[in-house]
Amino acid sequence: MVKMTLIARVTDGLPLAEGLDDGRDLPDSDMYKQQVKALFKNLSRGHNEASRMSVETGPYVFHYIIEGRVCYLTMCDRSYPKKLAFQYLEDLKNEFERVNGPNIETAARPYAFIKFDTFIQKTKKLYQDTRTQRNISKLNDELYEVHQIMTRNVQEVLGVGEKLDQVSEMSSRLTSESRIYADKAKDLNRQALIRKWAPVAIVFGVVFLLFWVKNKLW
């Protein structure tokens with residue numbers, strides 16, 4: 001059964017639409033929504049390995065597809081057929097592109113296409129019962145295969161993003177520290193030169209002053 005549906009822009013993770021009644025009766029719904037936000041964040045940073053993927057989380061599975069820099073994601077029971085989940089997402093993608101395509105890139109606020117919920121709810125109802133003749137026909141459709149779509153664990157997927165972020169943060173920190181050390185080295189060299197030549201400069205200054213005073217007196 002389809003539990004949750006969200007659509008977001010991949011370039012910045014901006015949520016564009018979602019099923020408004022999703023997760024109301026779902027235990028730990030807030031936790032799963034946080035995981036979805038983390039997945040979108042990873043995708044916006046380029047941490048995606050495939051345009052189609054299934055991500056296991058507890059008793060559920062996130063399925064997502066990426067098309068035209070938009071991510072269409074749904075969370076289903078593990079027992080729900082993978083083939084139907086991705087065909088559901090394909091239906092959403094086709095309609096969302098048809099209705100909102102020209103405005104996706106210019107959307108500036110979250111859930112700018114919240115009215116798309118009407119189509120999400122209508123389409124979700126069609127896919128809820130896997131025993132209907134319509135869905136059985138879709139399951140038997142040999143032209144639509146999902147065997148090659150990768151399945152991974154949510155901790156693994158989010159962990160990869162965290163590790164990449166840590167590497168990036170470490171690299172930035174090392175670069176910053178290198179600059180600090182370089183500046184300190186310049187200061188130390190400057191101080192060493194001052195210590196080396198200051199006595200000489202003082203001696204020359206005293207000699208010049210004595211010479212000037214001598215000329216004045218004479």
Exercise: identify the closest heavy-atom pair between A85 and Y80
N-CE2, 3.7 Å

Is it the case that more than 12 heavy atoms not belonging to R69 sit under 6.0 Å from its CZ atom?
no

Might you point out which heavy atoms bring P81 and L139 nearest each other, and give the distance in Å?
CB-CD2, 3.6 Å

Taking side-chain hydrogen bond (donor to acceptor under 3.5 Å, both in side chains) as the criterion, tell me which of T5, T74, T123, N135 meets it with Y88.
T5

Could you tell me the separation between the NZ atom of K138 and the CD atom of E90, rounded to the nearest 0.5 Å?
10.0 Å

Using salt bridge (Lys or Arg N to Asp or Glu O under 4.0 Å) as the criterion, point out the one residue from D141, D129, D91 that pairs with R134.
D91

Out of curiosity, S29 OG to Q34 CD, how far, rounded to the nearest 0.5 Å?
10.5 Å

Do P110 and L14 come within less than 4.5 Å of each other through their side chains, counting heavy atoms only?
yes

Rounded distance [0.5 Å steps], NZ in K83 versus CG in N140
7.0 Å

Heavy atoms of E105 and R9 approach each other most closely as O-NH1, 3.2 Å

Drop me the distance from L73's CG to I65's CD1, to the nearest 0.5 angstrom.
10.0 Å

To the nearest 0.5 Å, what is the distance between CE on M75 and NZ on K3?
7.5 Å

Report yes or no: does Q121 contribute a side-chain atom to a donor-acceptor pair with the main-chain N or O of G19 at less than 3.5 Å?
no

Rounded to the nearest 0.5 Å, what separation is found between the OG1 atom of T57 and the CG atom of N153?
7.5 Å

I need the minimum non-hydrogen distance between Y32 and F62, along with the two atoms involved.
O-CZ, 3.7 Å

